[in-house]
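This report refers to the structure that appears directly beneath it.
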Amino acid sequence: EYLIGGSRNAAARHWVWEQVVPYVEERWPSAQRWVAGGSNGASMAAQLALGRPDLFTGAALYSPWHGAGLDEVLGLAERWPGGGRFYVSHGNFGRGEQGTLEGSRQLIQRLAGTGATTHFLEREGHGHNLHAWGLSWPDALRWLLSERK
């Protein structure tokens with residue numbers, strides 16, 4: 001359901017945009033908002049941020065797998081209005097990671113082309129698992145929350 005084309009994908013995005021974000025914002029107002037995820041969750045995180053640039057400042061994405069929805073996610077990236085910060089970490093171990101690595105490169109390149117501040121990290125020997133993403137999280141937070149360009 002995280003993937004574009006899933007029967008509940010649009011409903012899930014609208015639920016976050018229209019229910020979750022206002023609920024959180026009412027209790028804990030923020031000047032900036034990021035979203036993060038791994039694998040299909042990274043695809044959903046990208047869709048959430050790119051689909052509503054008025055709500056999100058950027059994203060941290062770990063090995064995003066978009067399935068057949070990659071072209072639509074890349075289209076959303078091309079329409080990003082600029083600004084914001086996007087971090088993408090992707091392993092290169094295993095056929096799945098190797099097969100989706102180019103999509104992550106394309107995503108970050110398209111975002112950079114809009115003027116967004118981007119960082120791409122290919123993690124040598126890392127696979128598609130929670131442990132690999134956990135190793136990226138401290139780097140992603142430091143980079144997302146830094147003021148340097």
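These figures come from a predicted structure and were not determined experimentally.
- Under the rule for a side-chain hydrogen bond (donor to acceptor under 3.5 Å, both in side chains), the partners of Arg110 that lie at least two apart in sequence or sit in another chain are Glu78.
- The two residues Leu144 and Ala59 make their nearest non-hydrogen contact at CD2-O, 3.9 Å.
- Rounding to the nearest 0.5 angstrom, the gap separating the OG atom in Ser39 from the CD atom in Glu97 is 8.0 Å.
- For residues 32-59, the set of pairs meeting the salt bridge (charged side-chain N to carboxylate O under 4.0 Å, His left out) definition, not counting sequence neighbours, comprises Glu25-Arg33, Arg52-Asp54.
- Without hydrogens or angle criteria, Arg85 side chain to Thr117 main chain gives no donor-acceptor distance under 3.5 Å.
- Hydrophobic clustering, defined by side-chain heavy atoms of Ile, Leu, Val, Met, Phe, Trp and Tyr closer than 4.5 Å, groups Leu61 together with Ile4, Leu50, Leu70, Val73, Leu74, Leu76, Trp80, Phe86, Val88, Leu101, Leu107, Ile108, Leu111, Phe120.
- Qualifying side-chain hydrogen bond (donor to acceptor under 3.5 Å, both in side chains) partners for His90, counting only residues two or more places apart in sequence or in other chains: Thr100, Ser104.
- Applying the salt bridge (charged side-chain N to carboxylate O under 4.0 Å, His left out) rule to Glu102 yields the partners Arg105; only residues at least two apart in sequence or on another chain are considered.
- For His126, the side-chain hydrogen bond (donor to acceptor under 3.5 Å, both in side chains) test picks out no residue, with sequence neighbours left out.
- Looking only at side-chain heavy atoms (C-beta outward), His128 and Tyr62 stay at 4.5 Å or farther from each other.
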### Query
So Leu141 and Tyr87, side-chain contact (heavy atoms from CB on, under 4.5 Å) or not? Walk me through it.
CA-CA 9 Å; Leu141 281 177; Tyr87 174 99; over 6 Å; no

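- The side-chain hydrogen bond (donor to acceptor under 3.5 Å, both in side chains) test applied to Asn92 returns Glu122, Glu124, not counting sequence neighbours.
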List the atom pairs, with distances to 0.1 Å, where a side-chain N or O of residues 15-24 and a protein N or O form a donor-acceptor pair under 3.5 Å, not counting sequence neighbours.
| from | atom 1 | to | atom 2 | distance (Å) |
| --- | --- | --- | --- | --- |
| Trp17 | NE1 | Leu48 | O | 3.1 |
| Glu18 | OE2 | His14 | ND1 | 3.0 |
| Tyr23 | OH | Arg27 | NE | 3.3 |

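- Judged as a salt bridge (charged side-chain N to carboxylate O under 4.0 Å, His left out), and not counting sequence neighbours, Glu72 has no contacts.
- For the pair Trp65/Leu3, no side-chain contact is recorded, criterion being any heavy-atom separation below 4.5 Å from C-beta on.
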List, one per line, each side-chain donor-acceptor pair under 3.5 Å for residues 131-140, sequence neighbours excluded.
| from | atom 1 | to | atom 2 | distance (Å) |
| --- | --- | --- | --- | --- |
| Trp133 | NE1 | Ser63 | OG | 3.2 |
| Ser136 | OG | Ser89 | OG | 2.7 |
| Ser136 | OG | Arg123 | NE | 2.7 |
| Asp139 | OD1 | Arg142 | NH2 | 2.8 |
| Asp139 | OD2 | Arg123 | NH2 | 2.6 |

